[in-house]
Amino acid sequence: MSENKIEDYGKGYLVLLLPISFLIIFLVATWRIWLALIFLALAINIWQRYQWQKWCLQVNPMFNQLIRENQGKITPMDLAIKGNFSGETAKRYLDTKVAEFAGSVVNSTEGGKVYYFITAGTLGSIFDSSEPVKELPHPKDNKMMESLLAPPPSQPQQVEPETETLPQTHQEEVKQPLEQQLVFGSLIQSELAKRLNVYSSTVYKRRDDPNFPEWSRSKDPDGIAWSFSPKTKEFFPLEEQNS
């Protein structure tokens with residue numbers, strides 16, 4: 001290898017070594033400043049997280065109220081209007097709640113996002129809507145079908161009517177003092193269905209009808225009319241509301 005090639009290689013290494021040496025000297029001279037900047041960035045990050053968690057604690061009551069009113073469904077606009085803050089802040093808050101409560105996000109047809117959270121109320125509505133929509137069969141209908149299917153008797157004879165003990169027993173279970181049933185001042189759907197001796201799905205189907213109080217009065221063992229509150233999803237006796 002000639003001396004000219006050796007000199008060219010040496011110049012090339014010097015071109016690489018000079019910037020690296022200057023960088024090392026710069027870092028050694030300013031490492032305290034860089035360390036202070038790193039600690040400052042960490043402190044700012046911790047402070048921002050603390051402020052965010054403190055703000056979330058203030059927004060949690062509004063979030064819980066909207067979830068109860070909308071049966072587990074909420075949009076960023078709903079939360080932003082309720083709390084009077086920006087939509088981006090509402091989206092960030094809802095994203096944290098989705099990760100916390102294992103919720104789901106669905107894109108709406110208008111281009112926005114709808115956040116769904118499963119609650120006990122929404123599960124109750126799903127189960128109630130899945131039940132067969134029909135009333136309990138009357139015992140007299142069952143007795144008539146049995147008489148039609150039974151073979152004709154060889155000799156006419158009088159058969160004493162059997163006592164229908166099952167509905168009476170059911171009525172005795174339902175006919176408890178109203179004060180004991182209204183522990184919290186109202187009844188849920190399953191409790192009212194048991195009191196009226198109908199399926200829970202029947203109450204769910206009729207609760208929004210204008211004639212629901214008269215219909216419930218005809219089914220109630222004490223002749224009490226009931227009304228449905230869409231806000232609380234509970235049923236109240238009209239006599240108690242008017243008093």
Side-chain angles (χ1 to χ4, degrees), residues 36-131 133 182-193 200-213 216 226-238 240-242:
L37 290 176
I38 292 173
F39 279 112
L40 180 62
L42 290 175
I44 292 174
N45 188 15
I46 294 172
W47 175 254
Q48 288 177 349
R49 289 186 178 182
Y50 170 75
Q51 291 293 329
W52 173 256
Q53 292 176 357
K54 184 179 179 181
W55 180 83
C56 289
L57 291 177
Q58 298 176 357
V59 180
N60 283 339
M62 291 183 291
F63 170 77
N64 297 332
Q65 181 181 1
L66 289 174
I67 288 297
R68 287 193 300 268
E69 293 176 354
N70 300 333
Q71 295 185 347
K73 180 175 65 175
I74 188 173
T75 62
M77 181 175 291
D78 296 333
L79 187 61
I81 294 175
K82 186 74 174 180
N84 194 19
F85 43 78
S86 64
E88 292 296 329
T89 305
K91 288 181 181 178
R92 180 186 175 188
Y93 176 84
L94 291 176
D95 289 336
T96 58
K97 289 299 178 182
V98 166
E100 180 179 355
F101 296 113
S104 59
V105 184
V106 178
N107 294 325
S108 62
T109 56
E110 290 79 8
K113 291 184 177 181
V114 182
Y115 294 78
Y116 289 91
F117 298 90
I118 300 299
T119 63
T122 56
L123 284 176
S125 300
I126 293 173
F127 292 153
D128 290 338
S129 61
S130 63
E131 293 181 2
V133 184
L182 294 176
V183 178
F184 300 100
S186 61
L187 296 180
I188 61 175
Q189 183 170 302
S190 59
E191 293 174 345
L192 182 61
S200 179
S201 58
T202 303
V203 179
Y204 176 79
K205 179 181 178 182
R206 293 178 176 268
R207 66 184 183 182
D208 296 324
D209 293 343
N211 60 346
F212 178 77
S216 61
W226 296 83
S227 64
F228 174 67
S229 174
K231 292 184 179 180
T232 61
K233 307 299 180 183
E234 295 174 342
F235 297 84
F236 297 87
L238 289 181
E240 183 175 296
Q241 288 185 341
N242 296 331

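Please read all numbers here as calculations on a predicted model, not as lab measurements. In what follows, residues are counted from 1 in the order of the sequence shown.
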Do the ring centers of W55 and Y50 come within less than 6.0 Å of each other? no

Assess whether side chain to side chain contact (heavy atoms under 4.5 Å, CB included) is satisfied between T89 and S86, documenting all intermediate values. CA-CA 5 Å; T89 305; S86 64; 2.7 Å; yes

Quick check, are the ring centers of Y93 and Y115 under 6.0 angstrom apart? no

Walk me through whether T75 and L94 qualify under side chain to side chain contact (heavy atoms under 4.5 Å, CB included). CA-CA 8 Å; T75 62; L94 291 176; over 6 Å; no

At what distance, to the nearest 0.5 angstrom, does CH2 of W226 lie from CD of E234? 11.0 Å

Separation of Q189 CD from S201 OG (nearest 0.5 Å): 8.0 Å

Strictly distance-based, threshold 3.5 Å: is any side-chain N or O of S227 a donor or acceptor partner for the main-chain N or O of L238? no

State the NZ-CZ distance between K233 and R207, to the nearest 0.5 angstrom. 5.5 Å

CG/N107: more than 12 non-hydrogen atoms of other groups inside 6.0 Å: yes

Just checking K91: does its NZ atom have more than 12 heavy atoms from other residues, nucleotides or ligands closer to it than 6.0 angstrom? no

Is the centre of the F212 ring less than 6.0 Å from the centre of the F235 ring? yes

Working to the nearest 0.5 Å, report the span between CG of L79 and CD1 of I67. 9.0 Å

Main-chain N/O of I74 paired to D78 side chain as donor or acceptor, under 3.5 Å: no

